[in-house]
2 protein chains.
Amino acid sequence: MTEATQTRRAELLDIAAKLFAERGFKNTTVRDIADAAGILSGSLYHHFDSKEAMVDELLDSFQNALWEEYDAIEASDRTPKEKLEAVVHASFDAIDQHHSEVAIFQTDAAYLSGFDRFAYLQERNVRFRDLWTGLLRDGVTAGELRADLDVELVYRFLRDTVWVAVRWYRPGGDLTPTQVADQYLHILLEGISQ
Amino acid sequence: MTEATQTRRAELLDIAAKLFAERGFKNTTVRDIADAAGILSGSLYHHFDSKEAMVDELLDSFQNALWEEYDAIEASDRTPKEKLEAVVHASFDAIDQHHSEVAIFQTDAAYLSGFDRFAYLQERNVRFRDLWTGLLRDGVTAGELRADLDVELVYRFLRDTVWVAVRWYRPGGDLTPTQVADQYLHILLEGISQ
DNA sequence: ACAGATACCAAGCAAGTGCTTGGTAGGTTA
DNA sequence: TAACCTACCAAGCACTTGCTTGGTATCTGT
């Protein structure tokens with residue numbers, strides 16, 4: 001595979017990612033992607049097996065990159081609360097650096113995970129749940145978090161509140177992912193009451 | 001319009017609402033709706049002008065009901081913090097009682113608001129933003145909320161974190177909307193730190 | 001008994017969907 | 001220079017989409 005091929009493929013995949021993120025997977029046609037790339041829809045099939053294969057490649061590589069970071073944090077030598085903070089920071093970094101992929105995951109994972117090909121998405125969800133609820137429970141045990149927390153309920157809030165930020169966060173805007181993560185953690189840990 | 005007509009229409013609209021909520025507006029076909037109702041797709045057009053008219057009716061009536069409550073809270077005689085709590089409670093009640101409509105709004109509002117017919121959705125969003133940011137600013141002024149809050153950032157967190165609960169909350173499950181709202185407010189106001 | 005309304009069916013159309021096929025121009029390698 | 005490869009085009013196929021048309025069975029009020 002030559003370098004030019006790699007480049008063109010990556011270019012097309014990037015165009016597709018942005019369209020999928022904007023309009024959703026099902027609402028984006030192969031003609032939309034081809035138009036944005038300045039070619040005909042049939043020509044896409046020289047580079048990719050199918051429309052599904054495109055989104056699969058996007059989600060799979062993003063998930064692998066994300067979980068490398070999560071695994072490193074989980075295995076590191078920190079307190080539960082510090083790990084929680086690190087995971088939040090890593091997640092906002094992902095929203096910043098893999099914005100389209102996160103948006104696609106948020107919008108279309110439920111729909112896609114119904115297909116065999118995307119079964120790994122559900123497995124990832126389970127791992128994510130185990131990671132968060134484990135950290136929360138450890139934090140309570142270590143006395144870093146309040147003992148009266150409903151861990152399952154808090155987990156759902158955390159999971160959704162972190163990832164839903166992809167809907168309004170714009171990479172390259174006023175706020176860095178670090179700033180957003182810090183503000184978020186401040187609210188989450190200390191509350192907004194005076 | 002006889003009572004039977006009203007009933008059948010409402011029945012069909014309810015079936016459509018559940019399908020739209022589950023799979024999204026664009027991913028639900030008129031044949032899906034008709035199948036679920038046990039009729040042919042063409043027969044739907046005896047009751048409704050179009051697929052768009054169905055979702056329009058659902059979203060419009062839901063939004064009107066919700067804003068009646070919001071307006072009453074805003075006009076009531078309470079402190080900003082109490083109003084904030086009341087609005088959160090009203091929102092979780094809406095998730096409980098108008099589950100499908102909230103889910104449709106969450107999933108498809110961005111797509112639908114691109115059409116002239118659904119321009120009112122954007123106007124509602126502006127009003128919602130004004131309501132929340134106003135309450136937050138009043139709360140800071142009144143000394144009920146921390147003075148160092150980035151109101152715009154906190155607003156985005158609140159808006160999304162409340163409504164995203166529709167993804168996991170199930171009406172008739174273990175938790176009442178009041179319980180969820182109380183837990184949520186506890187986390188939001190006091191934080192999870194020990 | 002009959003006129004109208006209601007709720008539906010049977011058939012199908014035009015537009016749009018993902019994808020396939022057979023081909024070509026231009027570059028690279030042997 | 002011949003063989004091959006990359007990136008694309010032009011045309012179209014099989015299918016799905018929202019919606020339309022003309023008709024029928026059943027009920028209700030007069």
Side-chain angles (χ1 to χ4, degrees), chain A residues 1-59 104 107-108 111-118, chain B residues 1-59 104 107-108 111-118:
Chain A
M1 199 179 278
T2 72
E3 196 181 327
T5 306
Q6 268 287 22
T7 302
R8 187 50 171 160
R9 238 187 85 95
E11 208 177 319
L12 293 172
L13 205 53
D14 194 55
I15 289 168
K18 289 195 171 102
L19 289 173
F20 290 155
E22 258 176 47
R23 307 133 84 125
F25 175 73
K26 197 88 189 285
N27 288 347
T28 305
T29 71
V30 291
R31 283 171 181 81
D32 289 338
I33 301 168
D35 284 354
I39 58 176
L40 291 185
S41 67
S43 306
L44 284 174
Y45 291 83
H46 171 68
H47 300 276
F48 305 97
D49 283 347
S50 65
K51 185 183 159 191
E52 269 187 21
M54 292 187 214
V55 79
D56 193 358
E57 198 168 326
L58 286 166
L59 290 179
I104 297 166
T107 308
D108 296 307
Y111 166 73
L112 291 172
S113 64
F115 299 89
D116 285 354
R117 164 168 219 158
F118 298 97
Chain B
M1 200 179 278
T2 70
E3 197 182 324
T5 305
Q6 269 287 21
T7 302
R8 185 51 170 160
R9 239 187 85 96
E11 208 177 320
L12 293 172
L13 205 54
D14 194 56
I15 289 168
K18 289 196 171 102
L19 289 173
F20 289 155
E22 258 176 50
R23 307 133 82 128
F25 176 73
K26 197 86 190 285
N27 287 349
T28 305
T29 71
V30 292
R31 282 172 181 79
D32 289 337
I33 301 168
D35 284 353
I39 59 176
L40 291 185
S41 68
S43 307
L44 282 175
Y45 291 83
H46 171 68
H47 300 275
F48 305 97
D49 283 348
S50 67
K51 185 183 160 190
E52 269 187 21
M54 292 187 215
V55 79
D56 194 357
E57 198 169 325
L58 286 165
L59 291 180
I104 297 166
T107 308
D108 295 307
Y111 167 73
L112 291 173
S113 65
F115 300 90
D116 286 352
R117 163 169 220 157
F118 297 98

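First the proteins, then the strands, lettered A, B, ... as listed; each starts at 1. Any value given below was found using the heavy atoms of this structure, including those in side chains, with hydrogens, waters and symmetry copies removed.
A straight line from CD of A:E52 to P of C:dT17 spans 17 Å, rounded to a whole angstrom. Straight-line distance from the CE atom of B:M54 to the P atom of D:dT17: 14 Å, rounded to whole Å. Remark: C1' of C:dC8 and CG of B:L12 are 11 Å apart, rounded to the nearest angstrom. The NZ-C1' distance, from A:K51 to C:dG18, rounds to 8 Å in whole Å. Computed from coordinates, the B:H47 NE2 to C:dT6 P distance equals 11 Å when rounded to whole Å. The separation between B:D35 atom CG and C:dC8 atom P is 14 Å, rounded to whole Å. What separates CZ of B:F48 from P of D:dC19 is a distance of 13 Å, to the nearest Å. Taking atom CD1 on B:I15 and atom P on C:dC8, their separation rounds to 10 Å, with Å as the unit.
When the side-chain nitrogen and oxygen atoms of A:R9 are compared with OP1 and OP2 of D:dA7, none of them lie within a distance under 4.0 Å.
Minimum heavy-atom separation, B:A34 to B:L40: CB-C, 3.5 Å. A pairwise comparison of heavy atoms in B:I104 and B:A21 identifies CG1-N, 3.7 Å as the closest pair. When all heavy atoms are compared, the tightest approach of B:F118 to B:E52 is CZ-O, 3.7 Å.
Of the residues in residues 21-34 of chain A, A:T28, A:T29, A:V30, A:R31 come within less than 4.0 Å of DNA chain C through at least one heavy atom, sorted by number. Annotation: proximity of residues 38-46 of chain B to DNA chain D (heavy atom, distance under 4.0 Å) is found for B:S41, B:G42, B:Y45, numbered in ascending order.
Looking at residues two or more places apart in sequence or on another chain, you find a side chain to side chain contact (heavy atoms under 4.5 Å, CB included) between A:E57 and A:R9, A:L13, A:F48. Remark: A:T29 pairs with A:D32 by the side-chain hydrogen bond (donor to acceptor under 3.5 Å, both in side chains) rule, at least two apart or across chains. Evaluation of the side chain to side chain contact (heavy atoms under 4.5 Å, CB included) rule for B:A37 yields B:R8, B:L12, B:I15, B:I39 as partners, not counting sequence neighbours. Taking B:N27 as the reference, A:K26, A:Y111, B:R23 meet the side chain to side chain contact (heavy atoms under 4.5 Å, CB included) condition, with sequence neighbours excluded. Among residues two or more places apart in sequence or in another chain, the salt bridge (charged side-chain N to carboxylate O under 4.0 Å, His left out) test is passed with A:K51 by none. For the salt bridge (charged side-chain N to carboxylate O under 4.0 Å, His left out) test, no residue two or more places apart in sequence or in another chain qualifies with B:D35. Legend: residues meeting ring-ring contact (aromatic ring centres under 6.0 Å, His included) with B:F25, ordered by chain and number and at least two apart, are B:F20.
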Mind listing the N/O atom pairs, protein and nucleotides 26-29 of chain C, below 3.5 Å?
none

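The NZ atom of A:K18 sits 13.5 Å away from atom CD1 of A:I33, with the distance rounded to the nearest 0.5 Å. Here the CG atom belonging to B:D108 is positioned 10.5 Å from the OG atom belonging to B:S113, to the nearest 0.5 angstrom. We find the CG-CG distance between B:D14 and B:L19 to be 10.0 Å, quoted to the nearest 0.5 Å.
For the side chain to side chain contact (heavy atoms under 4.5 Å, CB included) criterion with B:R117, the lone passing option out of B:D56, B:L112, B:V55 is B:D56.
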For nucleotides 22-27 of chain D, read 5' to 3', which letter fits each nucleotide if B means a protein heavy atom sits under 4.0 Å from the base, S means only the sugar-phosphate is that close, and - means neither? ------

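Rounded to 10 degrees, the angle separating the terminal axes of the helix from C:dA1-D:dT30 to C:dA30-D:dT1 is 10°, with each axis obtained from five end pairs.
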